[in-house]
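Notes follow the structure.
The sequence lines fix the lettering, A, B, ..., with proteins before strands; numbering per chain opens at 1.
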Number of protein chains: 2
Amino acid sequence: MRQIATAVGLSKSSLFHHFPTKLALYGEVLDRVLERLERGLCDDAQHPGKTAEQLGHWIDSMIGTLAEDVPAARLMLRALVDEEPFPPFEFEAEGRELMSFELRLERVIDRFRSLLEQGIADGVFRPVSIGDTIQTTIGAIVFHFASGDLGEALIGDPIFSGTAVERRRREVSEFIRRGLLACNCDT
Amino acid sequence: MRQIATAVGLSKSSLFHHFPTKLALYGEVLDRVLERLERGLCDDAQHPGKTAEQLGHWIDSMIGTLAEDVPAARLMLRALVDEEPFPPFEFEAEGRELMSFELRLERVIDRFRSLLEQGIADGVFRPVSIGDTIQTTIGAIVFHFASGDLGEALIGDPIFSGTAVERRRREVSEFIRRGLLACNCDT
DNA sequence: GTCTATAAACAGATAGAC
DNA sequence: GTCTATCTGTTTATAGAC
């Protein structure tokens, strides 16, 4: 709290005036990240098309949102991995929909899940394990933008640079598309 | 330190007798995880074969090692994502090779990297971005076993159960194999 | 090696003036 | 809303007996 207060040019006490507890501040920040992930999907809903294309839009949207805000992926990853349940909402949300972290997350994931199920039902995608594929996709998308110096060392560019983000979009979209498509080309 | 001491049936002071600082204990535990990841690869080196098969063995080995030890993936993920550099070695390693965390990690990753480069050179794999593919793979493999209750809710089984681990192996191997293979089956 | 007691620093949070 | 000063519990770590 001291570090955050200093970073925003306040004393620790003043920060506590705006957020009653540390957990409340954490929950608020986390909620904003999730809200942006969800809103990105809504903006993207105007892209009807084949299932594979819509799934590509979902991936693009997630990557685009996480690439806009440097700490977002790290916060998400931590929240997803923490043993403690997600932070509760301790005070009024201003102008935003009041909704639990779990519910917001479920909405974002459900969009991906339904595309996956539809693709499998249509025979466009292989009959993969839904849960495992969601886990793989979350890991592939979120970890990269949370990986800091390690990631930068691996890809050779700053993670959040324009070229790196664009390449990431292409690489992940194509990788997942190929991982899912039901075509027989065994070597 | 208090919680750990209690868990192992010692007083906090006795724990400090064995590990001079908290950071030293953390570094020691992390080192053992990495050592096991590396050893798993060595045991696996007796599997010569096509590049795609060897890459499959690498994935199997990583998943097998992380599945053996519940906190391992969570520790790895945290270390990979932390802003702070990896913990230094503060005291003598007994019977183990003295090596920095960074170096051990690099060895494990380099094995994957060289398989990737070889596969691309041979035309077996698509010309993917090496760094991005490593990031995607680490995310896909490590996140799952660190995801706790969320992961269990998504896959419907306890993450570390035999059936879930076996399915995870199959799903991730096949997903990554298809993501990499250079075959033209565009829809 | 293990313990009890204690130090020293810190973090979350509050009181109350301005 | 912002601040200084303070409280209170926690945490890392040490001292020293057994």
Side-chain angles (χ1 to χ4, degrees), chain A residues 1-35 69-96 98 100-102 146 148-149, chain B residues 1-35 69-96 98 100-102 146 148-149:
Chain A
M1 293 298 272
R2 182 179 40 76
Q3 286 176 8
I4 293 170
T6 304
V8 298
L10 282 178
S11 73
K12 204 175 53 171
S13 301
S14 300
L15 185 55
F16 271 106
H17 174 76
H18 295 278
F19 301 93
T21 65
K22 188 188 183 183
L23 195 65
L25 171 55
Y26 172 52
E28 178 73 14
V29 175
L30 205 56
D31 188 52
R32 292 189 185 191
V33 172
L34 266 171
E35 201 195 13
D69 179 21
V70 172
R74 198 166 280 183
L75 266 164
M76 276 299 304
L77 198 61
R78 175 152 194 171
L80 292 174
V81 162
D82 260 3
E83 298 203 58
E84 292 129 42
F86 301 123
F89 293 93
E90 295 195 10
F91 68 113
E92 206 65 28
E94 302 161 11
R96 291 205 314 286
L98 191 60
S100 76
F101 187 93
E102 284 91 340
D149 291 341
Chain B
M1 295 298 272
R2 182 179 39 77
Q3 287 175 7
I4 293 170
T6 304
V8 297
L10 282 179
S11 74
K12 205 176 47 173
S13 300
S14 300
L15 186 55
F16 270 107
H17 174 76
H18 294 279
F19 300 93
T21 64
K22 187 187 182 185
L23 194 64
L25 171 54
Y26 172 53
E28 179 73 14
V29 175
L30 206 56
D31 188 52
R32 292 190 184 190
V33 172
L34 266 171
E35 201 194 14
D69 180 19
V70 173
R74 199 167 278 183
L75 266 165
M76 276 298 304
L77 198 61
R78 176 151 195 171
L80 292 174
V81 161
D82 259 3
E83 299 204 58
E84 292 128 43
F86 301 122
F89 293 94
E90 297 193 10
F91 68 114
E92 205 65 28
E94 302 160 11
R96 291 204 315 284
L98 191 61
S100 76
F101 187 94
E102 286 91 340
D149 291 341

To the nearest angstrom, the CE-P distance between B:M1 and D:dA13 comes to 7 Å

Side chain to side chain contact (heavy atoms under 4.5 Å, CB included) for A:T21 and A:Y26? Distances and angles first, verdict last. CA-CA 9 Å; A:T21 65; A:Y26 172 52; over 6 Å; no

note: A:K22, atom NZ; D:dG9, atom C1'; distance rounded to Å ~ 14 Å

Distance col, row A:S11:OG vs A:M1:CE, nearest 0.5 angstrom, shows 11.0 Å

Polar pairs (N or O, both sides) under 3.5 Å between protein and nucleotides 6-10 of chain C?
none

Item to check | Base C:dA13 paired with A:S13 side chain (donor-acceptor, <3.5 Å) | outcome: no

Testing C:dC3, D:dA13, C:dA13 for proximity to the side chain of B:S14, the answer is C:dC3

Between A:H18 and D:dT2, is there a side-chain N or O to OP1/OP2 distance below 4.0 Å?
yes

Correct closest heavy-atom pair for B:V81 and A:A146 would be CG1-O, 3.4 Å

Indicate whether OP1 or OP2 belonging to D:dC3 is found under 4.0 Å from a side-chain N or O atom of A:S11. yes

Between CD1 of B:I4 and P of D:dA13 the distance, given in whole Å, is 12 Å

Please tell me if the side chains of A:L34 and A:M76 come closer than 4.5 Å, counting only heavy atoms from C-beta onward. yes

Rounded to whole Å, OH of B:Y26 lies from P of D:dT12 at a distance of 14 Å

- Hey, are the side chains of B:H17 and B:L10 touching, using non-hydrogen atoms and a 4.5 Å cut-off? no

Taken to the nearest whole Å, NE2/B:H17 to C1'/D:dT14 is 14 Å

With a cut-off of 6.0 Å (strictly less than), are more than 12 heavy atoms of other residues, nucleotides or ligands near CG of B:D149?
-> no

Here the distance between atom P of C:dG12 and atom CZ of A:F16, to the nearest Å, is 6 Å

More than 12 heavy atoms of other groups within 6.0 Å of B:D69 CG: yes

A:F19 atom CZ is separated from D:dG1 atom C1', nearest whole Å, by 14 Å

